[in-house]
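Worksheet: the structure to be examined is printed underneath.
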There are 2 protein chains.
Amino acid sequence: MISTKGRYALRVMIDLAEHAEQEYIPLKDVAARQDISKKYLEIIVRDLVNGGLVAGVSGKGGGYKLLREPEEYNVGEILEKTEGTLSSVACLSCDTAPCPRKDECKTLPLWSEYDQMTHDFFYGKTLRDLMEN
Amino acid sequence: MISTKGRYALRVMIDLAEHAEQEYIPLKDVAARQDISKKYLEIIVRDLVNGGLVAGVSGKGGGYKLLREPEEYNVGEILEKTEGTLSSVACLSCDTAPCPRKDECKTLPLWSEYDQMTHDFFYGKTLRDLMEN
DNA sequence: ATATTTACCTATTGACTTAGTAGGTAATTA
DNA sequence: TAATTACCTACTAAGTCAATAGGTAAATAT
């Protein structure tokens with residue numbers, strides 16, 4: 001399951017893209033428009049900043065802004081920065097020890113194929129695609 | 001993420017299919033071959049019994065057996081009986097209240113499309129397909 | 001200078017889920 | 001009657017989720 005972190009992250013990115021006429025957009029405004037707790041969004045936006053997807057500037061007139069055009073972001077990278085991984089099973093997640101049964105497992109190819117399909121799906125959609133919905 | 005319940009359920013189903021020459025297969029044997037706690041498998045197999053996917057018989061000589069041929073099971077139904085839902089987001093899971101923002105949400109179509117793709121993927125694979133890996 | 005506004009930081013929490021374990025009873029067969 | 005098996009209820013330790021709380025640092029407006 002995609003958690004609120006990933007889902008809210010996409011909504012934040014869309015919101016920033018839709019208000020790009022302002023140089024910097026305060027998180028307060030995003031939180032109000034999206035009806036999400038600003039405190040919680042801080043956690044999410046930090047992942048986006050650390051991941052190099054958005055930039056933040058403190059102080060009056062500050063806020064966040066996108067670093068690229070909406071069509072230059074893909075949905076997959078936004079989700080991965082906030083969710084950690086898009087992998088469907090622990091056996092294929094990079095931060096777990098390799099499964100001792102991986103060579104004989106009859107189900108592993110299923111998960112591999114599914115993960116590949118998932119990756120292609122989310123990396124094939126751009127932020128611009130979402131905005132046009 | 002697909003949890004161990006769904007993953008183990010598939011391995012149990014494959015194991016039962018591979019040993020179908022015995023009428024009933026004791027869970028003890030499945031647990032030993034698959035190297036999974038028998039106690040934990042009991043929980044998983046109960047979901048499969050309640051879901052009408054396998055049948056169990058108590059007593060000596062008892063155990064579990066498939067009710068259909070492997071090609072007549074699809075992976076999706078096995079996962080849904082044990083995981084509860086295959087939906088990627090709470091907003092589209094049937095047992096949650098509909099999201100108040102669903103009409104304006106720019107991301108909902110993404111999750112719908114992804115869930116549809118996921119459904120088609122898992123419902124398009126049979127138990128037999130897994131055995132042939 | 002000072003007040004205001006904003007990002008950015010660490011820590012905490014209650015509810016829930018996950019991945020089992022424990023200890024039985026009921027059913028069936030040898 | 002003994003052995004074997006499914007089936008049942010309850011419990012639990014660890015982890016995750018979805019936030020909240022309470023600050024400090026940075027930048028600008030007055």
Side-chain angles (χ1 to χ4, degrees), chain A residues 1-9 11-12 16 19 22-32 34-51 53-65 67 79 82-85 87-91 93 95-96 99, chain B residues 1-9 11-12 16 19 22-32 34-51 53-65 67 79 82-85 87-91 93 95-96 99:
Chain A
M1 274 246 190
I2 308 287
S3 73
T4 53
K5 285 186 73 177
R7 289 187 277 132
Y8 291 176
R11 286 168 56 189
V12 168
L16 292 181
H19 296 86
Q22 296 169 60
E23 175 78 280
Y24 287 97
I25 298 127
L27 200 55
K28 176 168 54 100
D29 295 357
V30 177
Q34 298 295 322
D35 200 30
I36 303 172
S37 144
K38 187 205 159 204
K39 274 293 181 187
Y40 189 37
L41 281 191
E42 286 181 10
I43 297 170
I44 292 163
V45 173
R46 177 174 43 206
D47 289 338
L48 299 176
V49 170
N50 290 341
L53 300 185
V54 304
V57 159
S58 291
K60 209 164 199 171
Y64 295 95
K65 69 164 183 183
L67 291 168
L79 292 178
T82 47
E83 294 284 317
T85 177
S87 186
S88 65
V89 290
C91 352
S93 174
D95 51 42
T96 37
C99 176
Chain B
M1 275 245 191
I2 308 288
S3 74
T4 54
K5 285 186 75 177
R7 289 189 275 132
Y8 291 175
R11 285 168 57 189
V12 168
L16 292 181
H19 297 85
Q22 296 169 61
E23 175 78 280
Y24 286 97
I25 298 128
L27 200 55
K28 174 168 55 96
D29 295 357
V30 177
Q34 297 296 323
D35 200 30
I36 303 173
S37 145
K38 185 205 161 206
K39 274 292 182 188
Y40 189 36
L41 280 191
E42 287 181 8
I43 297 171
I44 291 163
V45 174
R46 178 175 39 205
D47 289 338
L48 298 176
V49 171
N50 290 340
L53 299 185
V54 304
V57 158
S58 290
K60 208 165 198 169
Y64 295 94
K65 70 164 182 182
L67 291 168
L79 292 178
T82 46
E83 293 284 317
T85 178
S87 186
S88 64
V89 290
C91 352
S93 174
D95 51 42
T96 36
C99 175

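We name chains A, B, ... by the order of the sequence lines, and we start the count at 1 in each one. Since this is a predicted model, take the numbers as computed values, not measurements. Every heavy atom of this structure was used, including side-chain atoms; hydrogens, water molecules and symmetry mates were not.
Closest approach of L67(B) to A55(B), counting heavy atoms only: CD2-CB, 3.7 Å. Nearest heavy atom pair, residue R11(A) against residue Q34(A), reads NH2-O, 2.7 Å.
Listed in residue order, the members of residues 23-30 of chain A having a heavy atom less than 4.0 Å from DNA chain C are I25(A), P26(A), L27(A), K28(A).
Qualifying side-chain contact (heavy atoms from CB on, under 4.5 Å) partners for T4(B), counting only residues two or more places apart in sequence or in other chains: R7(B), Y8(B), Y40(B). Residues forming a side-chain hydrogen bond (donor to acceptor under 3.5 Å, both in side chains) with S93(A) (at least two apart in sequence, or on another chain): D95(A). The side-chain contact (heavy atoms from CB on, under 4.5 Å) check on S3(A) picks up K5(A), E83(A), with sequence neighbours excluded. Residues meeting the side-chain hydrogen bond (donor to acceptor under 3.5 Å, both in side chains) test with S58(A), sequence neighbours left out: none. Looking at residues two or more places apart in sequence or on another chain, you find a side-chain contact (heavy atoms from CB on, under 4.5 Å) between A31(A) and K38(A), L41(A).
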Identify each atom pair where a protein N or O and an N or O of nucleotides 13-15 of chain D are less than 3.5 Å apart, giving names and distance.
none

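For Q22(A) and dT6(C), the CD to P distance is 10 Å, given to the nearest whole Å. The nearest whole Å value for the distance from the CG atom in D47(B) to the P atom in dA6(D) is 16 Å. The CG-C1' distance, from N50(B) to dC8(D), rounds to 11 Å in whole Å. When rounded to the nearest whole Å, the span between CZ of R46(A) and P of dA25(D) equals 17 Å. One atom, NZ of K60(B), and another, P of dA3(D), lie 8 Å apart when rounded to the nearest Å.
Within the 4.0 Å cut-off from OP1 or OP2 of dC7(D), at least one side-chain nitrogen or oxygen of Y64(B) is found.
Heavy atoms of G56(B) sit under 4.0 angstrom from primed sugar atoms or phosphate atoms, though from no base atom. Among the atoms of the strands shown, none is found under 4.0 Å from any heavy atom of V45(A).
Of the inter-residue distances, the one linking I43(B) atom CD1 with T82(B) atom OG1 reads 12.5 Å to the nearest 0.5 angstrom. For the atom pair K65(B) NZ and L16(B) CG, the distance stands at 11.5 Å (nearest 0.5 Å). Rounding to the nearest 0.5 Å places CG of D47(A) at 12.5 Å from CD of E42(A). The distance from the CG atom of D29(B) to the CD atom of Q22(B) is 6.5 Å, given to the nearest 0.5 Å.
Both G62(A) and S58(B) sit near DNA chain D, but only S58(B) has its closest nucleotide nearer the 5' end.
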Fill in: Per-nucleotide protein contact string for nucleotides 12-22 of chain C, where B marks a base within reach and S marks sugar-phosphate only (heavy atoms under 4.0 Å, - for neither)
-------BBBB
